[in-house]
**Student:** 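One structure is given below, represented as structure tokens, and several questions about it will come after.
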Amino acid sequence: MAKKYQNFILHLLGCLLFLSIPVLLSPDLHSNGGIINMAPFRRSFLTQILLLGFFYANYAYLIPQLYFTRKYVLFFLILAIALAIISWLPDILVPEAREQMHNMFRPRPDNLPPGMPPPGDNRFFNPGPERRFFRPFFFGGSLQFFLALSLSFLLRVNKRLADIESEKLKTEVSYLRAQINPHFLFNTLNSLYALALEKSDNAAEAILKLSGMMRYVVTESSREHVALQSEINYIKNYISLQQLRMDENTTFSLKVRGDATGKQISPLLLIPFIENAFKYGLNPEKEAVIEIAIDIDENQLALYVKNNKVNVNIPEEESSGHGLENTRKRLQFLYPDKHSLTIHDNPDTFEVKLILLLV
């Protein structure tokens, strides 16, 4: 919304500056009769208005609806009609401007250069009807017309490239989500499989939590933003499932501080860091330490995750490296200049600090 407001202000200032050109450049600016009463000024100002109208018509409709859709014949036909209107209409509506401008350039008899014919016989300053017919193309608004045409083309093509890049990034984000979500579910199913083998009484509760996670992934992950509290509940369900795999060798802590009410966040943005901690930080044969803290303060969220590396025998195709890189890309796209991510990958520990400005 802020960007649209800035663009509107820039366009408005640009229009005012463009329309002020005839005023600022008029030789009659300080005339006693008033600049508005001067025919050359009225003609020039009318030309500027027509050029401005053509610029936005070309930018908003002609280029996207005709040129980009390859309706070239109709597009160039309309351009020719627009050029004729801009070149001739000011002379038709303000006919006295032509004579006044002609007199401004007519040399006076007392300062004629040697060999210059008399004013009445001057075919350059007094062209015949056949030359007067084509004069508006060369001395009217034709140059400004092609400048407006070129500028509108450049701006529209630049906007189209930006839109294509934005759609490409959105598609990439959707693809990254599709990569991330099944990974969570596969890990959870592995946990459920382990519980089933042990015939644990916690299997039913784990299935219920998995059902809630799957519902969240299916219904919420396609949205741009979700309630922060829903995201935290998803994280807690995930951690509850992972805790079923913990034993006395694991030291685990989870702290959630602050009020999440009314705040929103992009879905599944925090879970890759937590999933990474459990993947590399859980090993029944070694002492494991996992620390997770989420602090919410007004419009800011801070995530801290730390684990010691006790599980290193992970196949490369199951490594979380790609997941973290995907999350980094999502942060850059969804929260540009609104996040700070610090990762310390030490030989024995892995530590993540994320600060995020919330919606």
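This structure is a prediction, so every number in the text was calculated from the model and none was measured.
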**Student:** Would you say I355 and Q300 make side-chain contact, with heavy atoms under 4.5 Å?
**Tutor:**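 Yes - at least one pair of side-chain heavy atoms lies under 4.5 Å apart.
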
**Student:** So, N58 side chain and S152 main chain: donor-acceptor pair closer than 3.5 Å or not?
**Tutor:**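 Looks like no, no N/O pair under 3.5 Å.
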
**Student:** Just to verify, what does S240 make a side-chain contact (heavy atoms from CB on, under 4.5 Å) with, not counting sequence neighbours?
**Tutor:** K209, Q243

**Student:** State yes or no: are the ring centers of F350 and Y280 separated by less than 6.0 Å?
**Tutor:**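 For F350 and Y280, the ring centres are not under 6.0 Å apart.
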
**Student:** Taking a hydrophobic cluster as the set of Ile, Leu, Val, Met, Phe, Trp and Tyr residues connected by side-chain heavy atoms closer than 4.5 Å, whether directly or through intermediates, do L74 and F54 fall within one such cluster?
**Tutor:**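 Linked, L74 and F54 end up in one cluster.
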
**Student:** Under 4.5 Å between any side-chain heavy atoms of L270 and L301, yes or no?
**Tutor:**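 Answer yes - side chains close enough.
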
**Student:** Side chain to side chain contact (heavy atoms under 4.5 Å, CB included), that's the test. Do V256 and K236 meet it? Break it down for me.
**Tutor:** CA-CA 10 Å; V256 180; K236 288 181 176 179; 4.3 Å; yes

**Student:** With no hydrogens and no angle check, is any side-chain donor or acceptor of K263 less than 3.5 Å from a backbone partner on D259?
**Tutor:** yes

**Student:** Is a side-chain donor or acceptor of T250 paired with a backbone partner of M246 at a separation under 3.5 angstrom?
**Tutor:**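 No; zero donor-acceptor contacts below 3.5 Å.
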
**Student:** For the pair T349 (side chain) and N346 (backbone), establish whether a donor and an acceptor sit closer than 3.5 Å, ignoring hydrogens and angles.
**Tutor:** no

**Student:** Is there a donor-acceptor pair closer than 3.5 Å between any side-chain N or O of R156 and the backbone N or O of I63?
**Tutor:** no

**Student:** Quick one: do Y61 and Y56 satisfy ring pair (Phe, Tyr, Trp, His ring centres under 6.0 Å)? Show the steps, please.
**Tutor:** CA-CA 8 Å; Y61 181 79; Y56 281 105; over 10 Å; no

**Student:** Looking at D337, I want to see if its CG is surrounded by more than 12 non-hydrogen atoms of other residues, nucleotides or ligands under 6.0 Å.
**Tutor:**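 Counting other residues, nucleotides and ligands, CG of D337 stays at 12 neighbours or fewer.
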
**Student:** Is there a donor-acceptor contact under 3.5 Å from the side chain of N233 to the main chain of L228?
**Tutor:** no

**Student:** What is the distance from atom CZ of F146 to atom CG of L151, rounded to the nearest 0.5 Å?
**Tutor:** 15.0 Å

**Student:** May I have the step-by-step check of side chain to side chain contact (heavy atoms under 4.5 Å, CB included) for D348 and N308, ending in yes or no?
**Tutor:** CA-CA 6 Å; D348 298 323; N308 61 334; 5.8 Å; no

**Student:** So Y304 and F273, ring pair (Phe, Tyr, Trp, His ring centres under 6.0 Å) or not? Walk me through it.
**Tutor:** CA-CA 9 Å; Y304 174 77; F273 302 113; over 10 Å; no

**Student:** Under a 3.5 Å distance rule, please check whether S87 uses its side chain to pair with a backbone N or O of A84 as donor and acceptor.
**Tutor:**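 Checking the backbone N and O of A84 against the side chain of S87, no donor-acceptor pair under 3.5 Å is found.
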
**Student:** Checking R257 side chain against D297 main chain: does a donor-acceptor pair fall under 3.5 Å?
**Tutor:**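 No; zero donor-acceptor contacts below 3.5 Å.
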
**Student:** Show, in sequence, the C-alpha distance, side-chain angles and deciding distance for F278 and N307, and conclude whether the side chain to side chain contact (heavy atoms under 4.5 Å, CB included) test is met.
**Tutor:** CA-CA 8 Å; F278 282 102; N307 65 276; over 6 Å; no

**Student:** Are any of the side-chain heavy atoms of E291 and L254 separated by less than 4.5 Å?
**Tutor:**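 Not touching, per the 4.5 Å side-chain cut-off.
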
**Student:** Mind telling me whether Y67 and F153 have parallel, tilted or perpendicular rings, with 30° and 60° as the class edges?
**Tutor:**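 The arrangement is perpendicular - the two ring planes meet at more than 60°.
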
**Student:** Has E231 got a side-chain atom pairing as donor or acceptor with I265's backbone, closer than 3.5 angstrom?
**Tutor:**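 Here the side-chain-to-backbone pair does not exist.
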
**Student:** With side chain to side chain contact (heavy atoms under 4.5 Å, CB included) as the test, would you mind laying out the steps for L269 and R330 before giving the verdict?
**Tutor:** CA-CA 8 Å; L269 194 63; R330 288 186 64 200; 4.1 Å; yes

**Student:** Once you round to the nearest 0.5 Å, how far does CG of L51 lie from CD of Q144?
**Tutor:** 6.0 Å

